[in-house]
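Within every chain, numbering begins at 1; the chains are lettered A, B, ... in the order of the sequence lines, protein sequences first and strands thereafter. Bear in mind that the values here come from a model prediction, so they are computed numbers and not experimental data.
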Amino acid sequence: MPELPEVETVRRELAATLVGRTVTEVAVHGPRTVRRQSVRRFRAGLTGRRVLDVRRHGKYLLIGCDGGTLVVHLRMTGRLSLEDGAPGGVIPHTHAVLSLDDGRRLRFVDPRTFGELFFATEGDQLLADTVGRLGPDAADGGIGPEALGRLVGRRRTSLKAFLLDQAMIAGIGNIYADEICFAAGLRPDRSTATLGADDLARLAVAVRAVLSRAVGSRGTSLGDGGYRDLFGDPGGFQAEHAVYGRGGRPCPRCGTAIEKSRLAGRSTHWCPRCQG
DNA sequence: AATGGGGCCTGAGAGC
DNA sequence: TGCTCTCAGGCCCCAT
C-alpha cells in the first residue's frame with residue numbers, strides 16, 4: 001500500500017526519533033520477512049549499530065547506521081511502529097522488533113508478509129539487486145520534461161505502466177499513478193509513444209504537484225487495515241483524491257462519472273472527459 | 001528485449 | 001449468522 005508519500009512520512013518520523021539511537025537487540029519472528037539473507041546475519045549485522053541518518057529512494061527506506069544500512073520495504077501491508085515503555089500484548093503479524101538504547105522499540109508488522117528487511121554493508125550486492133535497480137526518485141526535483149522524455153525513450157506501453165515501473169521513476173504506485181494521470185489531463189491507457197513535448201511538460205508538473213500535496217497531507221490511508229504512520233496515525237490525502245477509489249462518482253472538475261477498469265493488471269480510475 | 005499475467009499471502013467486505 | 005467469492009496500495013518471475 002505505501003507509496004512515496006507514505007514512505008516519506010514514515011522516513012521523516014524515523015529521522016526525528018531514531019538518529020543517534022543504538023539498536024540493542026533484534027528479534028525476528030518468521031523467516032519470510034528477512035529473506036534475502038540469513039536471520040543470523042541480519043541480527044549480527046544490525047545489533048549494536050548506531051543510527052546515523054534515515055533516507056529514502058522510491059519506496060525503500062534506508063536507515064543508515066555506522067557500518068551498514070538497514071533497508072526496509074513495506075510492500076502492500078507492512079507497517080513500522082515506534083513504542084514506548086514495557087511491551088504490551090501480542091500484536092499479530094509482528095515479524096521483527098528492534099529494541100533501542102532509550103527503551104523504545106521499533107516494530108515491523110505485516111499481515112501479507114510481502115514486505116522485507118535486510119541489513120547491507122557498503123557495496124553489498126543486496127543493494128545493487130534492489131535500490132540499485134531503481135530509476136530516479138519521483139520526488140527528485142530533476143525530473144523535468146526532458147528527463148521524462150529520455151526515460152520514455154522508445155518504449156511503447158501505457159502511461160500507467162510507465163509510471164508504475166520503478167526502474168523508470170521510483171516511488172509511484174497505483175493510487176498516485178491514477179492521480180498523476182488526472183492532474184496531467186492524460187488517459188492512463190495513453191500510449192507513451194504518442195506523448196508530445198506539451199504532454200511531457202504537464203506530466204512532469206503533475207508528478208511533482210501530486211506527490212508534494214500528498215506528502216503535505218501525510219499520505220493516503222484507506223480502510224481499517226490501511227496505512228498508518230510510525231505512531232499509528234492515518235494520513236489525510238484520501239480526502240483529496242480526484243479519481244482513485246471514486247469509480248462512478250462525479251469528476252471534481254467537470255462532474256462526469258469517473259471510469260473504473262483494469263489496466264496493467266491494476267484497478268484504474270480516470271475521467272473520460274478531462275483526460276485525453 | 002520488453003511486456004503482460006500469474007503468483008506470493010492474509011483480511012475485509014460484498015453477496016447469497 | 002455464516003459461508004464463499006472477489007479484491008487489495010507491490011514486486012518478482014516466467015512465458016511469449
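- Under the stacking definition used here (centres under 5.5 Å, planes under 30°), the residue A/Phe114 qualifies as stacked on the base of B/dC8.
- Out of C/dA8, B/dC9, C/dG10, the shortest distance to the side chain of A/Thr113 is found at B/dC9.
- Across all strands shown, A/Thr77 has no heavy atoms under 4.0 Å from either base or sugar-phosphate atoms.
- Aromatic stacking of A/Tyr227 on C/dG9: not satisfied for centres closer than 5.5 Å together with planes under 30 degrees.
- Contact annotation for A/Arg262: backbone-only contact, meaning every heavy-atom pair under 4.0 Å involves sugar-phosphate atoms and none involves a base.
- Cation-pi contact between A/Arg190 and A/Phe162: absent, since separation from the ring centre below 6.0 Å together with deviation from the ring axis within 45° is not met.
- Across the P atoms, C/dC7 and B/dG5 are found 15 Å apart, a figure rounded to whole Å.
- Using modelled atom types, one finds a donor on one side chain and an acceptor on the other under 3.5 Å when comparing A/Asp178 with A/His269.
- Among the protein residues, A/Pro2 comes within range of no part of the nucleic acid, since none of its heavy atoms lies under 4.0 Å from any strand.
- Using a 4.0 Å heavy-atom criterion, one finds that A/Gly265 contacts no nucleic acid atom at all.
- Neither side chain, A/Thr192 nor A/Arg155, offers a donor N or O lying under 3.5 Å from an acceptor on the other.
- At B/dC8, none of the side-chain N or O atoms of A/Arg32 fall inside 4.0 Å of OP1 or OP2 (strictly under the cut-off).
- The separation of C/dC12 from B/dG11, taken at their C1' atoms, amounts to 23 Å, rounded to a whole angstrom.
- Contact annotation: side chain of A/Arg156 to base of B/dA2, donor-acceptor pair absent below 3.5 Å.
- Comparing C/dA8, B/dT3, C/dC11 by their closest approach to the side chain of A/Lys59 singles out C/dC11.
- Among the heavy atoms of the strands lying under 4.0 Å from A/Gln166 are primed sugar atoms or P, OP1, OP2 only; no base atom is included.
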Pair assignment for DNA chain C - dot-bracket with | for other-strand partners, Watson-Crick or G-U under 3.5 Å: .|||||||.|||||||

